2 protein chains.
Amino acid sequence: MRTQRLILAAIEQDLKAAGMPPLAWYDVLWELVRTEDGRLRPFEIEERTLLAQHNLSRLLDRMEEAGLVRREILPEDGRGRWVLVTGEGRAMRARLWTVYAAAIERHLGAKVEDAVAATLADGLERLVRGT
Amino acid sequence: MRTQRLILAAIEQDLKAAGMPPLAWYDVLWELVRTEDGRLRPFEIEERTLLAQHNLSRLLDRMEEAGLVRREILPEDGRGRWVLVTGEGRAMRARLWTVYAAAIERHLGAKVEDAVAATLADGLERLVRGT
DNA sequence: GTTTTATATATGCAATTGCATTCAGTTCGA
DNA sequence: TCGAACTGAATGCAATTGCATATATAAAAC
């Protein structure tokens, strides 16, 4: 808990210092960009990012407001929406990544050897999966 | 990040389900209880819990309101306060712990063997210290 | 078919957090 | 010894989050 809080705070700090939006924005953009056609349903983003539903709904409001994504109703199911990345959204993700990657390297990569990192990743993964 | 979020959410969930206050309350109470005379300066709690200053200030408001701690001005430095645990605070910490301990066991202990946990703890510690 | 139940998303409102600033008191330097 | 600089804590206000509920639609049950 302590480690995560410290490192997350440090990374968010770096993003803010670079005038970038918070990490959650990156997470959403990334999930969208890595799909075939740059779009997902909100509930899919929800699952992938672990954001709470109402929380994501409002994050999408802000991102739409900022021109990074666009929402469209989908014909086959009137309840749902598509969330599409815009070009601006893709550009923002790329810019975010340069800062984010540097932050990861600084606050994580530079601190432990790859072997330790791999062991950590493995152990943490087990924790989630339950052995 | 994912592991931490999932496990923390699960634990907070257990606390809430038991009608208990959030984990941060426990952290503060614990830091107080483990001292010799059950009192600390706000900035000391801050360091130990990683809570932000203004944030802690308000958390203490709530905890004082709930009768778990008490604030006193300290004579030797007019700027500072003492934060003291009350008997109620100690009782609450003990009750919190029964739920918290069970949650830890359920969401952590039951999921990995001790050896893995030890390796994890070591690796995470290194991350903070920088090797 | 019409009522129930379930799913997907949004929203009103209260609680919490973040940020900048304020306030009070201490220390330091000329 | 007086004002600048600093430290510890609190606070006003905006942004975010949590919680419950609303809205809209679809699927299932009768």
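Model, not experiment: these values are computed from the prediction. Values below: all heavy atoms of this structure, side chains included; hydrogens, waters and symmetry mates excluded. Convention: sequence-line order gives letters A, B, ...; per-chain numbering from 1.
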Parallel, tilted or perpendicular, as decided by the 30° and 60° cut-offs, for the rings of Tyr26(B) and Trp30(B): parallel
Please report, rounded to the nearest Å, how far the P atom of dA10(C) is from the CD atom of Gln53(A). 8 Å
Can you tell me the distance, in whole Å, between the CD atom of Glu46(B) and the P atom of dA10(D)? 10 Å
In residues 18-43 of chain B, which residues come under 4.0 Å of DNA chain D by heavy atom? Arg41(B), Pro42(B), Phe43(B)
Val69(A) side chain reached by Leu84(A) side chain, heavy atoms, under 4.5 Å: no
Between the CD atom in Glu46(B) and the NE2 atom in His54(B), the distance rounded to the nearest 0.5 Å is 9.5 Å
Does any part of the side chain of Val83(A), heavy atoms only, come nearer than 4.5 Å to the side chain of Pro42(A), both counted from C-beta? yes
In whole Å, I'd like the distance from the CD atom of Glu44(A) to the C1' atom of dA8(C). 12 Å
Mind checking whether Asp27(B) and Leu50(B) have side chains closer than 4.5 Å, heavy atoms only? no
Looking at residues 57-66 of chain A, who's got a heavy atom less than 4.0 Å off DNA chain D? Arg58(A), Arg62(A)
Non-hydrogen atoms of Leu68(B) and Glu88(B) that approach each other most closely: CD2-O, 3.8 Å
In Å, rounded to the nearest 0.5 Å, how long is the span from CG of Leu51(B) to CD1 of Ile45(B)? 9.0 Å
Length of the CG-C1' vector between Leu56(A) and dT11(C), whole Å: 14 Å
Separation of dC19(D) atom P from Asn55(A) atom CG, nearest Å, is 10 Å
Here the pair of heavy atoms bringing Val85(A) nearest to Arg90(A) is CG1-N, 4.1 Å
DNA chain D contacts among residues 72-85 of chain A, heavy-atom distance under 4.0 Å: Asp77(A), Gly78(A), Arg79(A)
From NZ of Lys16(A) over to C1' of dA20(C), roughly how many Å is that when rounded to an integer? 12 Å
Quick check: closest heavy atoms across Thr3(A) and Glu125(B), and the distance to 0.1 Å? OG1-N, 4.5 Å
Without decimals, in angstroms, what is the distance between His54(A) NE2 and dT16(D) P? 14 Å
Interatomic distance where CG belongs to Leu8(B) and P belongs to dG18(D) [whole Å]: 10 Å
Do the non-hydrogen side-chain atoms of Val28(B) and Leu56(B) ever get within less than 4.5 Å of each other? yes
Do Trp82(B) and Arg71(B) have side-chain heavy atoms sitting under 4.5 Å apart? no
